[in-house]
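The next block holds one structure in the form of structure tokens; read it before the comments.
Just so it is clear: chains get the letters A, B, ... in the order the sequence lines come, proteins before strands, and each one is counted from 1.
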Amino acid sequence: MGEILTLKNVSKSFDDLVVLDNVDLSVNKGEVVVIIGPSGCGKSTLLRCINGLEDIQDGTISYEGDVGMVFQSYDLFPHKTILQNLTLAPVKVKKRNKAEVNKEALELLERVGLLSKKDNYPRQLSGGQKQRVAIVRALIMHPEVLLLDEITAALDPEMVREVLDVVLSLAKEGRTMIIVTHEMQFAKAVADRVVFIDGGSIVEEGTAKDIFENPRTDRLKRFLQTFSYEE
Amino acid sequence: MFDSKVINMLLEGIGDTLYMTLGSTIIGYIVGLPLGILLNVSSEKGLKPNSVLYRILDIICNIIRSIPFLILLILLIPFTKLVVGQSYGSTATIVPLVVCASAYIARVVESSLNEVDQGVIEAAKAMGASNRQIILKVLLVEARTSLVTGFTITTGLLLGYSAMSGTVGGGGLGDIAVRYGYYRWQTDIMIVTVILLIIIFQIIQYIGTKVALKLDHRKR
């Protein structure tokens with residue numbers, strides 16, 4: 001299993017503010033990398049740099065194939081039906097055959113349990129349903145790497161599970177993913193590797209067991225403590 | 001109440017008014033829509049920021065919009081003569097109306113496009129869409145309710161401006177209202193022309209609101 005995505009010395013700043021400072025990261029095919037860290041540490045910016053939504057000032061980012069992304073706020077096209085949301089980019093951007101794309105879209109919707117919603121508009125769906133559609137919309141572009149940016153952060157608690165179950169099933173079938181999340185239990189369950197970012201650089205990385213049970217740095221220990229409630 | 005001569009004149013006036021209003025709206029959109037797209041795309045947060053281009057378009061639009069229409073009408077007389085061969089009549093009125101409308105439409109279109117959720121545009125970018133595809137398939141589609149509302153407001157505005165051009169021999173209902181109502185004290189004709197303008201305005205607004213509502217999939 002070879003490297004599919006490589007970041008070397010990536011630095012990014014907004015004017016004077018350094019957001020990413022010399023980040024090195026490589027992801028192997030089929031690997032699930034979970035990125036954790038305090039708010040504003042540069043996690044989301046890292047994902048946005050990988051798929052080109054932000055410019056980088058220094059370093060290189062290389063990957064094979066396409067990168068797909070799912071956002072915190074779903075960002076479905078409000079004036080298009082669920083099916084149209086899925087087929088727009090493959091047909092217009094990838095110039096794929098419409099009938100074939102339609103067929104695939106329906107299969108994917110079936111898989112996430114939303115086939116009956118194909119002719120609905122996004123406003124008629126719950127947050128969890130919208131996010132499942134957004135995942136499918138990324139999948140139908142056949143990305144080599146899928147980036148998930150806090151995809152449950154805007155959801156009501158009871159809807160988090162249905163979305164994370166979809167992600168878990170994708171992990172099981174060997175999809176390469178980079179996931180930014182604040183759901184630590186989910187991170188433990190899904191991650192092949194956990195990366196802790198603070199202040200724009202990678203402070204610690206390792207297996208979920210290493211990171212959550214034997215944190216080495218004080219910064220990671222402090223960060224993890226904010227998630228536990230001991231009396 | 002009126003003899004057939006007056007009725008015919010009023011009917012002709014309605015025709016001229018609709019001709020000027022719709023003619024200038026349509027030509028205005030042919031010029032103003034691309035301008036509005038350019039303003040949105042070249043702005044700081046646009047798809048392809050270009051501060052020089054934005055500044056130039058911005059200033060031109062502001063200048064045109066800050067000149068009172070009646071003055072613009074007079075200032076443009078030489079240009080109007082050049083384009084249509086005469087400076088009076090309803091066809092001639094379309095020229096200054098289009099100039100005024102283009103700047104106004106460019107602004108209305110720009111602000112409609114600005115309202116499109118940045119996240120949706122980023123989602124399209126993340127899927128590898130080109131700027132052209134984003135403009136045609138995302139921006140214009142997602143802004144459509146607001147674009148139709150802007151179209152309705154613009155048409156209403158131009159209806160009013162076309163009537164104003166009546167003071168300088170522009171033709172249409174405004175012209176009739178000024179000639180008969182103001183210069184000849186035939187108040188009844190003036191009142192009828194005003195009522196006709198109100199009715200036309202109501203119809204435009206009614207259709208515009210209906211279409212906008214029909215196109216809106218965001219709520220309801």
Side-chain angles (χ1 to χ4, degrees), chain A residues 44 47-55 65-82 84-96 101 119-125 130-131 133-143 145-151 154, chain B residues 33 37 40-51 109 111-152 208-220:
Chain A
S44 290
L47 293 194
R48 294 168 60 83
C49 288
I50 292 174
N51 78 349
L53 286 177
E54 302 283 353
D55 301 326
D66 282 334
V67 166
M69 185 150 174
V70 183
F71 301 85
Q72 178 179 336
S73 47
Y74 343 117
D75 297 326
L76 299 179
F77 304 120
H79 283 302
K80 297 197 179 294
T81 64
I82 297 309
Q84 288 167 344
N85 259 281
L86 300 182
T87 56
L88 182 69
V91 173
K92 296 295 171 194
V93 178
K94 294 241 166 165
K95 312 282 179 214
R96 282 169 55 196
V101 172
D119 295 321
N120 288 101
Y121 287 92
R123 69 179 162 85
Q124 298 166 312
L125 271 60
K130 278 190 251 197
Q131 198 57 293
V133 172
I135 293 172
V136 169
R137 188 176 65 171
L139 288 177
I140 201 169
M141 295 297 279
H142 303 157
V145 182
L146 197 56
L147 310 176
L148 307 180
D149 187 9
E150 299 195 34
I151 59 167
Chain B
L33 184 66
I37 294 172
N40 169 271
V41 169
S42 65
S43 72
E44 206 182 330
K45 288 194 184 297
L47 287 171
K48 216 170 165 47
N50 182 330
S51 58
V109 168
S111 73
S112 292
L113 299 183
N114 285 348
E115 279 168 32
V116 175
D117 185 5
Q118 203 63 28
V120 171
I121 298 166
E122 287 200 333
K125 275 192 202 166
M127 288 186 278
S130 66
N131 283 347
R132 196 187 126 89
Q133 287 167 333
I134 294 177
I135 293 167
L136 295 178
K137 303 288 171 192
V138 180
L139 275 178
L140 291 176
V141 175
E142 296 305 333
R144 61 189 185 179
T145 310
S146 171
L147 286 170
V148 169
T149 308
F151 184 92
T152 312
T209 310
K210 280 278 172 214
V211 173
L213 203 66
K214 185 110 186 120
L215 287 177
D216 196 350
H217 291 302
R218 290 168 305 181
K219 32 192 181 279
R220 247 185 308 158

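- The main-chain N or O of Tyr121(A) is found under 3.5 Å from a side-chain atom of Gln124(A) such that the two form a donor-acceptor pair.
- Looking at Val67(A), only its backbone comes within 4.5 Å of chain B, counting heavy atoms on both sides.
- For Lys125(B), the NZ atom sits in a packed shell: over 12 heavy atoms of surrounding residues, nucleotides or ligands are nearer than 6.0 Å.
- Per-residue counts of heavy-atom pairs under 4.5 Å with chain A were compared for Thr145(B), Asp117(B), Val141(B); the largest is that of Val141(B).
- Within the 4.5 angstrom heavy-atom criterion, no atom of Leu147(A) approaches chain B.
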**OP:** Kindly indicate, with the supporting measurements, whether the criterion side-chain contact (heavy atoms from CB on, under 4.5 Å) is fulfilled by Asp66(A) and Met141(A).
**Re:** CA-CA 8 Å; Asp66(A) 282 334; Met141(A) 295 297 279; 5.7 Å; no
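- Listed for the Asn85(A) side chain is a donor-acceptor partner under 3.5 Å among the backbone atoms of Phe77(A).
- Of the atoms belonging to Gln133(B), it is side-chain heavy atoms, and not backbone ones, that fall under 4.5 Å from chain A.
- A distance-only check finds no donor-acceptor pair linking the side chain of Glu142(B) to the backbone of Leu113(B) [under 3.5 Å].
- For Val116(B), no part lies under 4.5 angstrom from a heavy atom of chain A.
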